[in-house]
Amino acid sequence: MSYRKRRAAKARPASPVVDAPAPTPVAAPRKPRVIIAGEFSAGKTRLITGLLGADVLPSNVTATALPPVWLVSGHHRIAAVDLEGNVRDLDTLKDISVEDTHYCVVSHPAEILKTFEIIDTPGSSDPGIAAESWERMMEFADMAVWCTNATQAWRQSEKSVWDELPEHLVGPALMLVTHADRMPDERTAERVMRRVRREAKKYFSHFEMASLIRPDQVERVSGTLGGIVSELSDLAGSKNPVLEELTRRWESEPAPAAPQLPEAPKVMPKRFERSETALDLAAPAFEMGGEILRLNVDTPTPRTATEVSAFRAAWNEMIEAEDASDPAAILSCVERYISMLEENGSTFSGDDPSSHSTAFERETKSRMNGR
C-alpha cells in the first residue's frame, strides 16, 4: 500500500505527536526543516556528517537500524520520542527500538543547525525497517534532499516514492547524486546528470552531483542547500508541539556534559590491513591469496592526524563497496584512489606515479593467475 493510501486508511492521525496538547505559543518563528532521504546506502549519513562537520550519526551497516533522527541546535543532548509522544532522555543512540520509537532528537552545536534543522531518515529500500518509520516524518519537513547513488541514479523505486510524497515537498527540493568518485570519467557523469534532470525535473528544483569524501564538494552542496532554504516562502511542515516543548526544556536547563554520540565507524574489511606507520595509511592494501598487497606511496613530509584520517576514510569509503573476488573492481578502486592522492598533492616514490599503478596491476593479475 502506498504512502498516501496508508495515511488515508488509518483511523487515527499519521502522527500522534500532532495531536498532543499545544503548549504556550513562542514568539520566535521556528526554523526551516530539511529532511535527508534516499535509498539504503545512498550517502545520507556521510552528507549529514559533512554538513555538521562532526560524526554525530552511525553509518556502519548494523548501526543503520535507527529510527529517524531530528537534529536541532544546542548543547549536546539526546532524547527519544515514542509512538505515543512520550519523551525519554538518553545518553547514547545505541540499542534504540525502531518499532517503538517515532524518532530521536539530537541537539548539537553545529553552525548549520542555527539556520535550519535536519531530519535524517532510514533508507527507503532498507528491508529491515518498515516504510512507515521514515514516511511519517515527511509531513514535518519543509523541503527535502534526496540522495541517489551515481552508479544507479534515480531508479524506478525512487520515482515511486516521490509520486506518493506530500505535495508541499515536490518542487523546492534538491536531488543529490552521490558517489561521484565512482564515475569513470567526466563524460559519464554528465550523461548521468542529463538523464536525471530529464526524468526528475517535475519533482526537484535543483540537481547536484558530488563526492561526499571531498570537503570542497560537501561545502558546495551546503551552499546550494542554504540557498534553497533561504528562498522558502512558506514553512509548510506540520507543527510538532512535543519537539517544541522538549527544546524549550533543554534551553532552560544547564548545559550537560557531552553524551556518548557514536563515532563514525572505521569499517575495516578483511581484505584491508591497518598500517603501522602514517605513511602506510595512504597506501591501499587488501588480502589476496593469503598475502597482503599494498601500493607503495611515499610522501615528502609527515602527515598530520587530520590528513591521515582523511586518507583512511577515503580508502575505506572506496574499497568497502567493492567485491574482493573481482580483480577489475579492485584495480579500478586503486586507480581512483591514486587520482585522489595526486589531486591532493601526494608524491609517489619514483619519477612516474603511474608506474606504481602498473606494477600493482601486474602483481595483482599474476597472483590471481596463480603465479
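What you are looking at is a predicted structure, and each value in this text was computed from that prediction instead of being measured.
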Using a 3.5 Å distance criterion without hydrogens, assess whether the side chain of T178 forms a donor-acceptor pair with backbone atoms of A42. yes
Nearest 0.5 angstrom please: S238 OG to H168 NE2, how far? 7.0 Å
Other residues, nucleotides, ligands: >12 heavy atoms within 6.0 Å of R220 CZ: yes
For the pair L176 and I36, evaluate side chain to side chain contact (heavy atoms under 4.5 Å, CB included) and give the outcome as yes or no after the intermediate values. CA-CA 10 Å; L176 179 60; I36 310 293; over 6 Å; no
Set of salt bridge (charged side-chain N to carboxylate O under 4.0 Å, His left out) partners for K31, sequence neighbours left out: none
With side chain to side chain contact (heavy atoms under 4.5 Å, CB included) as the criterion, how do V170 and F204 come out once you've worked through the C-alpha distance, each side chain's angles and the decisive distance to 0.1 Å? CA-CA 7 Å; V170 177; F204 302 92; over 6 Å; no
Kindly compute the distance separating CG (L52) from NE2 (H108), expressed to the nearest 0.5 Å. 5.5 Å
Under the 3.5 angstrom rule, does the side chain of T101 hit a backbone N or O of S97 as a donor-acceptor pair? yes
For W70, which residues count as a ring-ring contact (aromatic ring centres under 6.0 Å, His included) partner, sequence neighbours excluded? Y103, F140
Can a donor-acceptor pair be found, under 3.5 Å and without considering hydrogens, that links the side chain of D142 to the backbone of R33? yes
Side chain to side chain, L225 and L51, heavy atoms closer than 4.5 Å: yes
Salt-bridge present (D91, R77; N to O < 4.0 Å): no
Evaluation steps, side chain to side chain donor-acceptor pair (under 3.5 Å), between E208 and T224: CA-CA 9 Å; E208 293 269 0; T224 299; 2.6 Å; yes
To the closest 0.5 Å, what do you measure between CE (M137) and CD1 (I35)? 6.0 Å
Taking only residues two or more places apart in sequence, or in another chain, which ones meet D181 in a salt bridge (charged side-chain N to carboxylate O under 4.0 Å, His left out)? none
For S252 and R249, indicate whether the former's side chain and the latter's backbone hold a donor-acceptor pair under 3.5 Å. yes
Are any of the side-chain nitrogens in D163 or K159 under 4.0 Å away from the carboxylate oxygens of its partner? yes
Side-chain heavy atoms of T49 within contact of L57, under 4.5 Å: no
Closest non-hydrogen contact found for W162 with A173 is CH2-CB, 3.8 Å
Kindly determine whether Y203 and W154 satisfy ring-ring contact (aromatic ring centres under 6.0 Å, His included), including the steps that lead there. CA-CA 12 Å; Y203 306 101; W154 194 240; 5.7 Å; yes
Let me see the working for I119 and L71 under side chain to side chain contact (heavy atoms under 4.5 Å, CB included), right down to the final yes or no. CA-CA 6 Å; I119 303 174; L71 294 154; over 6 Å; no
On a heavy-atom basis, the closest approach of P172 and I228 is O-CG2, 4.2 Å
Salt bridge (charged side-chain N to carboxylate O under 4.0 Å, His left out) pairs touching residues 185-198, sequence neighbours excluded, are R195-E199
Quick check against the 3.5 Å criterion: does T188 have a side-chain atom that pairs as donor or acceptor with the backbone of P184? no
For P122 and S133, work out which heavy atoms get closest and say how close. CG-OG, 3.9 Å
Would a distance-only check, ignoring hydrogens and angles, find a side-chain to backbone donor-acceptor pair under 3.5 Å from S107 to H75? yes
Spacing of S222 atom OG and Q217 atom CD [to the nearest 0.5 Å]: 13.5 Å
Using the salt bridge (charged side-chain N to carboxylate O under 4.0 Å, His left out) rule, collect all pairs that involve residues 95-111, keeping only residues at least two apart or in two chains. E111-K114
Should E245 and R248 count as an ion pair when the cut-off is N to O under 4.0 Å? yes
Scan for salt bridge (charged side-chain N to carboxylate O under 4.0 Å, His left out) pairs involving residues 146-158, sequence neighbours excluded, and state none if there are none. E39-R155
Looking at side-chain heavy atoms only, is the closest gap between L93 and C104 below 4.5 Å? yes
Find the distance between CD (E139) and NZ (K239) and round it off to the nearest 0.5 Å. 13.5 Å
Heavy atoms only: give me the nearest A180-S211 pair and the separation to one decimal. CB-N, 3.7 Å
Restricting to non-hydrogen atoms, name the atom on L169 and the atom on A144 that form the minimum distance, rounded to 0.1 Å. CD2-N, 4.3 Å
Heavy-atom nearest pair, L232 first then P32, reads CD1-CB, 4.3 Å
Walk me through whether D89 and I78 qualify under side chain to side chain contact (heavy atoms under 4.5 Å, CB included). CA-CA 6 Å; D89 288 335; I78 306 175; over 6 Å; no
Which value, rounded to the nearest 0.5 Å, describes the distance between N240 atom CG and E117 atom CD? 9.0 Å
Using only atom types and a distance under 3.5 Å, with no angle test, would you say the side chain of N149 pairs donor to acceptor with the backbone of A153? no
